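Everything on this sheet refers to the single structure shown next.
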Amino acid sequence: MESGVRSFLEGIGERFDGDDLENTPARVANAWCEDLVRGYDVDPDAELTWTEVAEAGGLVVVRDVSFASICVHHLLPFAGLAHVAYLPGRRLAGLSKIGRGIEAHARRLQIQERLTASIAGTLERVLRPQGVVVVLEAEHTCMTL
């Protein structure tokens, strides 16, 4: 990845003749692998642990979960808030677990529509609820820069 970043920078006209850029390829590779796309090393289904209940209560709503992702089309970030609601069957998830599932999906190359469907799919697969709704609000820097 470092050599690819170096080639990219050279491709846009940068020269590695000073101290400013010398460590940039390593820093970029580290940022991408350790942060921006770390979701490839995480199983979203495993993040969504749950407890079985005899009788579920009402609708569960988790609002304003911050997320950040990378647009697969432009490799630029998009970030915003996720809102999730589900009507439980016999499985309830801790609210922080839903946030971890969102994070596991978001930290991959994405488009917002696929991210929404992936989060909903994990909730449906793991929790087996009576229904799920996922709404994402995001600012896409590929549009705003």
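When a residue number appears, it is its place in the shown sequence, counting from 1. No experiment lies behind these values; they were computed from the predicted model shown.
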Please report the interatomic distance CZ(Arg125) to OG(Ser118), rounded to the nearest 0.5 Å. 8.5 Å

Within one Ile-Leu-Val-Met-Phe-Trp-Tyr cluster: Val61 and Trp50, side-chain cutoff 4.5 Å: no

For Leu87 versus Gly58, what's the shortest heavy-atom pair and its separation? CD1-C, 4.0 Å

If hydrophobic clusters are built from ILVMFWY residues whose side chains come within less than 4.5 Å, do Leu92 and Leu123 share one? yes

Are Ile70 and Ile111 co-members of a hydrophobic cluster defined by side-chain heavy atoms under 4.5 Å apart? yes

Do other residues, nucleotides or ligands put more than 12 heavy atoms under 6.0 Å from the CG atom of Asp64? yes

Which residue in the set Thr116, Ile102, Ile98, Leu115 passes side-chain contact (heavy atoms from CB on, under 4.5 Å) when paired with Val134? Thr116

Trace of the side-chain hydrogen bond (donor to acceptor under 3.5 Å, both in side chains) decision for Glu139 with Thr144: CA-CA 8 Å; Glu139 177 181 346; Thr144 60; 3.2 Å; yes

Closest heavy-atom pair and its distance - Ala29, Glu2: CB-CG, 3.9 Å

Apply the test salt bridge (charged side-chain N to carboxylate O under 4.0 Å, His left out) to residues Asp41 and Arg38: give CA-CA distance (whole Å), side-chain angles for both, the deciding distance (0.1 Å), then the verdict. CA-CA 6 Å; Asp41 291 332; Arg38 72 175 178 263; over 6 Å; no

Quick one: NE2 on His73 to CG on Leu75, what's the gap to the nearest 0.5 Å? 10.5 Å

Using only atom types and a distance under 3.5 Å, with no angle test, would you say the side chain of Arg108 pairs donor to acceptor with the backbone of Ala104? yes

For Gly89 versus Val53, what's the shortest heavy-atom pair and its separation? O-CG2, 4.5 Å

Flag side-chain contact, heavy atom, 4.5 Å: Thr122 against His105: yes

Hey, could you give me the SG/CG distance between Cys71 and Leu109, rounded to the nearest 0.5 Å? 9.0 Å

Which atom pair, heavy atoms only, marks the closest approach of Pro88 to Gln130? O-NE2, 2.9 Å

Donor-acceptor pair, side chain of Arg100 and main chain of Leu48, under 3.5 angstrom: no

One pair to check against salt bridge (charged side-chain N to carboxylate O under 4.0 Å, His left out): Glu10 and Arg15. What are the steps and the verdict? CA-CA 6 Å; Glu10 290 170 344; Arg15 300 294 168 251; over 6 Å; no

Establish whether Val37 and Phe67 are linked, either directly or via other cluster members, by ILVMFWY side-chain heavy-atom contacts under 4.5 Å. no

Using a cut-off of 6.0 Å, state whether more than 12 heavy atoms not belonging to Arg128 lie near its atom CZ. no

Would Glu52 and Arg90 count as a salt bridge (charged side-chain N to carboxylate O under 4.0 Å, His left out) if you check the C-alpha gap in whole Å, the side-chain angles of each, and the deciding distance to 0.1 Å? CA-CA 6 Å; Glu52 189 158 337; Arg90 297 183 58 98; 3.7 Å; yes

So do Val60 and Leu95 actually touch side chain to side chain, heavy atoms under 4.5 Å? yes

Does Leu136 reach the side chain of Leu81, with side-chain heavy atoms less than 4.5 Å apart? no

Heavy atoms only: give me the nearest Cys142-His74 pair and the separation to one decimal. CB-ND1, 3.4 Å

Which atoms form the tightest heavy-atom contact between Thr49 and Ala46, and what is the distance? CG2-O, 3.7 Å

Non-hydrogen side-chain atoms of Val84 and Val65 separated by less than 4.5 Å: no

Between the side chain of Glu137 and the main-chain N/O of Ala82, is any donor-acceptor distance below 3.5 Å? no

Please say yes or no: joined through hydrophobic side-chain contacts below 4.5 Å, possibly via intermediate residues, are Ile119 and Val42 part of one cluster? no

When the ring planes of Phe78 and His140 are compared, do they come out parallel, tilted or perpendicular, using 30° and 60° as the limits? parallel

Report the C-alpha separation of Tyr86 and Leu127 in whole Å, then their side-chain angles, then the decisive distance to 0.1 Å, and conclude whether the side-chain contact (heavy atoms from CB on, under 4.5 Å) test is met. CA-CA 9 Å; Tyr86 72 98; Leu127 297 181; 3.7 Å; yes

Lys/Arg cation over aromatic Phe16: Arg6, 6.0 Å, 45° cone: yes

Ignoring hydrogens and angles, tell me if any N or O in the side chain of Tyr40 forms a donor-acceptor pair with the backbone of Arg107 under 3.5 Å. no

